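Below you'll find the structure, written out as C-alpha cells, and then a few comments.
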Number of protein chains: 2
Amino acid sequence: MNDDCWVPPTVLLAVDLVILTLRESQLQVLLIERGVAPYRGSLALPGGFLNHDQEDLLTAAHRELDEEAGLGPEELHLEQLGVYGTPGRDPRGRVVSVAYLAVTPRLPEPVAGTDAADAKWTPVAHALSDAAPLAFDHRQILADGVDRAREKLERSALATAFCGPTFTIVELQEVYEAVWGVRLDPRNFYRKVQSVDGFIVPAGPTRRTDGGRPARLFKPGPHTTLHPPMTRPQGPTGKEKT
Amino acid sequence: MNDDCWVPPTVLLAVDLVILTLRESQLQVLLIERGVAPYRGSLALPGGFLNHDQEDLLTAAHRELDEEAGLGPEELHLEQLGVYGTPGRDPRGRVVSVAYLAVTPRLPEPVAGTDAADAKWTPVAHALSDAAPLAFDHRQILADGVDRAREKLERSALATAFCGPTFTIVELQEVYEAVWGVRLDPRNFYRKVQSVDGFIVPAGPTRRTDGGRPARLFKPGPHTTLHPPMTRPQGPTGKEKT
DNA sequence: TGAATAGTGTCTGTGAGACACTATTGT
DNA sequence: ACAATAGTGTCTCACAGACACTATTCA
C-alpha cells in the first residue's frame, strides 16, 4: 500500500478562537474584519497560523488571543473545541485548524489599539444568521462553540467566567438566560444556584442597583464541576436530534 | 512581527483511534503492538498518518479503523475526541494527532488476518495502569476517550452502540456498569431505561438465558439524545475536580 | 407611600432509589 | 419443587417548578 519512498503529507496548522462574552444581556462573539485575501472584507474568527515549528497549540491560542483581542492569559477560560480540517476549507491549501473556546467577563470597548483594531463584538444570533456570512467554515465553528458553552453551563462553573470577580445572582442568571436562550424564574434560580455545592460563595456585602433592594455579592466557589448540575429547560434552543 | 518572507510552518498530521468494546463484562480497548520505531514493541492505539494531501480527517480515521481493526464504516459510532499536538510528543518531529472515539458491539476474536494482526483487545483498566505503558501520549488519549464515553452514556444513546442489533435490558445495564464502574439496581434500571423517550424499542420476542425467565429483546430507538438523561451515581469513578 | 428589586416559604408533581413481590423459564 | 433470572408495585425522599409572600432600597 505504501511506496518505499512514501512520506506522509504535511499540512498547515492554524488556531481559531471563539471568544464569547455577555454584553447588553446578549451573548456576543469577537469577530475581526479580514484585511487580506482570502475572504478579504468578510468577518472571521480571530486566529492564525502557528508562529514556528515548535509552538504549542495552547500557547498559540493564547498568543492569538493576546494579539487580536488584547486579552492576556490571566484567569481566562480557554478550552479546545475541535479540529476542522476538511480539504478545501481554505483556498490557500490544506489548512487544519484547531478551534478553542474562550469566555471572558470583561467588557472592554471594541478592544483597544491592538494588532487587529477592527475586532468587533457581534451578537451571536446575528453572526450565525445568513445576514453576516463568516469566512471559511467559521460559522460552523462558532455554532459548535456556542453549543459547547451551552452544555458546559449545565455541569461546570463556566457561567462565572462570564462575570467579573464578584457578581450578583441575578447577573449569573442573565448569563444562563442569554446562553441558553430561555427565561428562568428568579426565585427558583436564586435558591438552586446556592444549593449547588461549591459553585458560588458570598463575597463582600451588597451592591446597589437602580432602586430596589441591594443584592448580595458572590464570587466563584472552589468547585468547577457542579453537583447536582444546573438543569436546562428543554426548549427549542438546544438542537434536538430525532 | 513577521518577516516579509515568513511562511507558516507545516506539521505532520496523524489520526489515532480509541476503539472501545465490551468483552467479558469489561470495558476493553483495541491496542496494537508497534512493529517499528519509535516505541517499537510497545502497545499503542491504532492510527497513522494521512495517506495523502487531500484526505479528509474522518475518512482517514475510517480507513485506519478498517486497516487495523478490520471494521468497516457501517453503523460504527465515530466521533472526534480532540487534538494532541504538544511539541515533542513524537520523536520523529512535529506530529499533530487527531483522536477519534469509536464504539463497536462486535466481539470479533482479536481481529482476523488484517494489516496489523497483532491487534489485541485489552481491558481499559489494565491499559491505563502503570503495568502497560502505552506509546507516545496514548495513555492520555485513552483516558480522555473513556471519559468522553462515560459522559456520553448519560445524555446519548451511545450505550446501544456497545450492543448488537438487538439486546436485552440486562445487557444494556452491563454496558453502563462496565463503563461507569458502578453497580445499578436491575429493577430500577429496567423501568428507567424504558421510560426514556425513544431510547430503546421492543424487537422480536424473547431470548433464552442460562435458566431463568427469557428476557425481552430491544433495539435502538429513534432518538440519539436522551430526555431525561440517565443519571450516573456520583462515585469515585468520575474524576472530581476540587 | 409606592415602585422596584432582593430574597423566603411552601405546595405539588416527577423521578431516583430501595426493596418486597410476581412471572416464567430450566433442571 | 427449586433455583435462577425477568419483570411489577409501591413507598420514600429529593428536587424542579409555580407562585404567594416578606424585606430593603430609592424617588
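In what follows, every chain begins at residue 1, and chains take the letters A, B, ... in the order their sequences are listed. Small disclaimer: the values here were computed from a predicted structure and weren't measured.
For C:dT14, its base never sits under 3.5 Å from the side chain of B:Arg191 at any donor and acceptor pair. Not a single donor-acceptor contact under 3.5 angstrom links the side-chain atoms of B:Asp185 to the base of C:dA16.
In this entry the distance linking CZ of B:Phe167 with C1' of D:dA6 reads 16 Å, nearest Å. Remark: C1' of D:dC19 and CZ of A:Phe189 are 18 Å apart, rounded to the nearest angstrom. Between the P atom of C:dA16 and the CD atom of B:Gln194 lies a distance of 14 Å, rounded to the nearest Å. Rounded to whole Å, the distance from CD1 on A:Ile200 to P on C:dA6 is 14 Å. In this structure, A:Leu172 places its CG atom 15 Å from C1' of C:dA6, rounding to the nearest Å. At whole-Å resolution of the value, CG in B:Leu217 and P in C:dT25 are 14 Å apart. Spacing between atom OH of B:Tyr190 and atom P of C:dG15 amounts to 19 Å, rounded to whole angstrom units. Distance CD (B:Gln173) to P (D:dG7): 12 Å, rounded to an integer number of Å.
Ion pair A:Arg232/A:Glu151 not flagged as a salt bridge, since none of the NZ, NE, NH1 or NH2 atoms sits closer than 4.0 Å to an Asp/Glu carboxylate oxygen. Note on A:Arg63 versus A:Glu67: salt bridge recorded, some NZ/NE/NH1/NH2 to OD/OE distance being below 4.0 Å.
Counting all heavy atoms, side chain and backbone alike, A:Ala127 lies closest to A:Leu134 at O-CG, 4.0 Å.
The side chain of B:Lys192 contributes an N or O atom lying less than 4.0 Å from OP1 or OP2 of C:dA16. B:Arg216 has no side-chain polar atom (N or O) that falls below the 4.0 Å cut-off from OP1 or OP2 of C:dT24.
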For A:Phe167 and A:Phe218, what are the C-alpha separation, side-chain angles and deciding distance, and is it a ring-ring contact (aromatic ring centres under 6.0 Å, His included)? CA-CA 5 Å; A:Phe167 47 85; A:Phe218 293 83; 7.2 Å; no

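In terms of position on DNA chain D, the residue among A:Thr231 and B:Phe218 whose nearest nucleotide sits closer to the 5' end is B:Phe218. Each of A:Thr206 and A:Asn188 lies near DNA chain D, and the nucleotide nearest A:Asn188 is the one positioned closer to the 5' end.
Among the nucleotides D:dT25, D:dG7, C:dA16, the one closest to the side chain of A:Pro214 is D:dT25. Which of D:dA6, D:dA16, C:dT5 sits closest to the side chain of A:Arg213 comes down to C:dT5. Of all nucleotides listed (D:dA16, C:dA16, C:dA20), C:dA20 comes nearest to the side chain of B:Arg187.
B:Asp144 and B:Tyr84 form a side-chain donor-acceptor contact under 3.5 Å, judged by distance and modelled atom types alone.
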